[in-house]
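Report on the following structure.
In what follows, every heavy atom counts, from backbone to side chain, and hydrogens, waters and symmetry copies are set aside. Just so it is clear, the model here is predicted, and its values are computed rather than measured.
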Amino acid sequence: MTGLRLENLSYAYGARQALDAVSFRVEPGTFCALLGPNGAGKSTLFALLTRLFTAPQGRIEIDGHDMARAPRKALRRMGVVFQQPTLDLDLTVQRNLSYFAALHGLHGARAQARIEAALERLEMPGRLGERVRDLNGGHRRRLEIARSLIHHPKVLLLDEPTVGLDAATRRAITAHVHDLSRRKGLTVLWATHLTDEIEDADQLLILHRGKLAQDGKARQLRGGLGLADHFLRLTGEPA
Amino acid sequence: MTAWLAALAAITQREALRFIGQRARFVAALVRPMLWLVVFAAGFRAALGLSITPPYATYTTYEVYIVPGLCGMILLFNGMQSSLSMVFDREMGSMRLLLTCPLPRWWLLVCRLLASTAISILQVYVFLALAAIFGIRFGWGGYAALLPALVPAGLMLGALGLALSSVIRQLENFAGVMNFVIFPMFFLSTALYPLWKMAESSALLHDICAVNPFSQAVELIRFALYQQLNTAALAWVLLSGLVWLGLAVWGYDPARGLIRKAAK
């Protein structure tokens, strides 16, 4: 059981170095926030973690499975919530969830049981027949989070999952995922540029200009400062 | 293996549901060939005389000649439309969702291809039913023989769309695809005029039309409608389909593909 492990990961778009020898570990059951200003390399890191493309150098391990050597085993243990919405708005909640379940090899009664359990967790039972378009932004995001857990992944990656949501919904979703990590022992990597989504007990990674600037407990890293001030002092850029 | 088939079924079902949901797209896909059939073909009927060449055993009217080309047009437009939807999906993240599921990427692309081809074939048959209402009919055997011809033709044109979708970065570029792919492929083919007619005007045009894989797809369809197999056309269609599928798989390969450009 290794949670999430990155070793010496580098990536360049031509001459521009997007990620420079990034290494870190997230232990099982840990909520880890990845904080970085725009252009820090978060999107590239997520593209590599989700195998949209691969890096010529470095190593990614998901729950003990090497992404380069055993990509399918690694992907099977990983849940992803992308920054862009990935629900089919004109299809029902049920269709969206069963589509995803089938892509992960789940079908029939087993898939249905998991779908219903996911909706139960969301406190949305009985809404299977609703069109996603009729749900509000917060519910859609929660639905995406629930969907990403249908195949029981060990590691959950979320790329700025609260973009475009109001403050109350943002807080609810942040608390929901913290809770999932605590109660279910889920390893979470939560990318954000909003410091108020990070709790003191969280592991915090600060990415700046493609390099890992800091790695530690949020409480210890910020010292006596507020996290936003600490971040500003470290990077010279507002979070 | 069941996981592979479950993914195929799910992707096909999603495509079908999306297609049914987009009624405008369904209607547009039928209006286009119907306009060609009813308006364009009627006008050209008087101007064009068609001699008896295989697979035609008797004198043929222009409306009858043009039908296989219009079936090909539906496959071509749909293949490209599916490429447009790939680019759209990628921007919307659905493509990324698909690519993170634990199945080989080439299989996921093949699933998309099979799903979009199934939708195209359905449209071709609806078009043929409408054409029959307008009095342009073929034998029942022809309609049945058409199915195995539509599969490789649809897959080949879908694979072209897939290959293009791995290199197109923005939605706007679909206009470019129209201008530089759809129109040249359609007009420089045997969809509207037979090869010998082309040869009368220019030897170069004739040669371009002859090697255009879309011509081969149209000829495969034309012969199938008369329950004949055009082996050369089939071979050409399969070969170009494999080349384009290879390009698409290469384009979506995470290690060396072009997909990363889109994510930049």
Side-chain angles (χ1 to χ4, degrees), chain A residues 11-14 16 18 43-44 46-56 62 65 67-68 70-92 95-108 111 131 133 144 147-148 151 153 157 159, chain B residues 1-26 85 87-109 111-112 115 166 169 250-264:
Chain A
Y11 198 83
Y13 297 104
R16 191 171 71 82
S43 296
T44 304
F46 260 81
L48 293 171
L49 282 170
T50 55
R51 205 172 169 266
L52 184 64
F53 45 83
T54 52
I62 309 275
H65 296 280
M67 186 62 96
R72 282 153 62 192
K73 280 187 180 159
L75 289 172
R76 196 169 291 136
R77 282 154 183 82
M78 188 175 83
V80 191
V81 177
F82 292 103
Q83 195 176 340
Q84 314 100 312
T86 56
L87 294 162
D88 282 311
L89 296 181
D90 291 316
L91 301 187
T92 59
R95 292 275 188 211
N96 269 285
L97 295 178
S98 51
Y99 170 66
F100 181 85
L103 289 182
H104 283 263
L106 297 164
H107 44 90
R131 275 196 332 162
R133 196 179 285 284
E144 284 190 295
R147 182 182 61 179
S148 70
H151 58 298
L157 309 176
D159 187 7
Chain B
M1 197 63 209
T2 26
W4 291 40
L5 294 177
L8 174 62
I11 292 168
T12 310
Q13 192 184 35
R14 173 175 179 263
E15 284 296 299
L17 287 169
R18 273 158 56 96
F19 184 74
I20 294 162
Q22 298 170 329
R23 283 201 194 91
R25 189 177 142 198
F26 186 72
S85 107
V87 179
F88 185 68
D89 275 359
R90 197 165 61 197
E91 287 188 353
M92 294 297 285
S94 306
M95 191 62 199
R96 291 187 69 174
L97 187 77
L98 187 66
L99 296 181
T100 51
C101 78
L103 287 168
R105 199 166 278 198
W106 67 265
W107 174 247
L108 295 170
L109 295 175
C111 285
R112 275 294 302 243
S166 70
R169 286 204 214 170
W250 179 82
Y252 277 95
D253 185 308
R256 59 177 169 272
L258 305 150
I259 191 167
R260 64 201 167 99
K261 287 185 184 162
K264 217 191 312 193

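The closest donor-acceptor contact from the side chain of B/Trp107 to the backbone of B/Trp4 lies under 3.5 Å. In this structure, the side chain of A/His151 does not engage the main chain of A/Gly105 through any donor-acceptor pair within 3.5 Å.
Looking at A/Leu103, the atoms closer than 4.5 Å to chain B (heavy atoms on both sides) sit in the backbone and in the side chain alike. If you measure heavy-atom distances from A/Phe82 to chain B, the contacts under 4.5 Å come from the side chain alone. Proximity to chain B is limited to the side chain of A/Arg147, based on heavy atoms less than 4.5 angstrom apart. Neither the backbone nor the side chain of B/Leu8 has a heavy atom closer than 4.5 Å to any heavy atom of chain A. If you measure heavy-atom distances from A/Arg95 to chain B, the contacts under 4.5 Å come from the side chain alone.
Using a 4.5 Å heavy-atom cutoff, the side chains of A/Arg51 and B/Leu99 are not in contact.
If you run side chain to side chain contact (heavy atoms under 4.5 Å, CB included) between A/Leu75 and each of A/Met78, A/Lys73, A/Arg77, only A/Met78 comes through.
Ion pair B/Arg18/A/Asp88 flagged as a salt bridge, since at least one NZ, NE, NH1 or NH2 atom sits closer than 4.0 Å to an Asp/Glu carboxylate oxygen.
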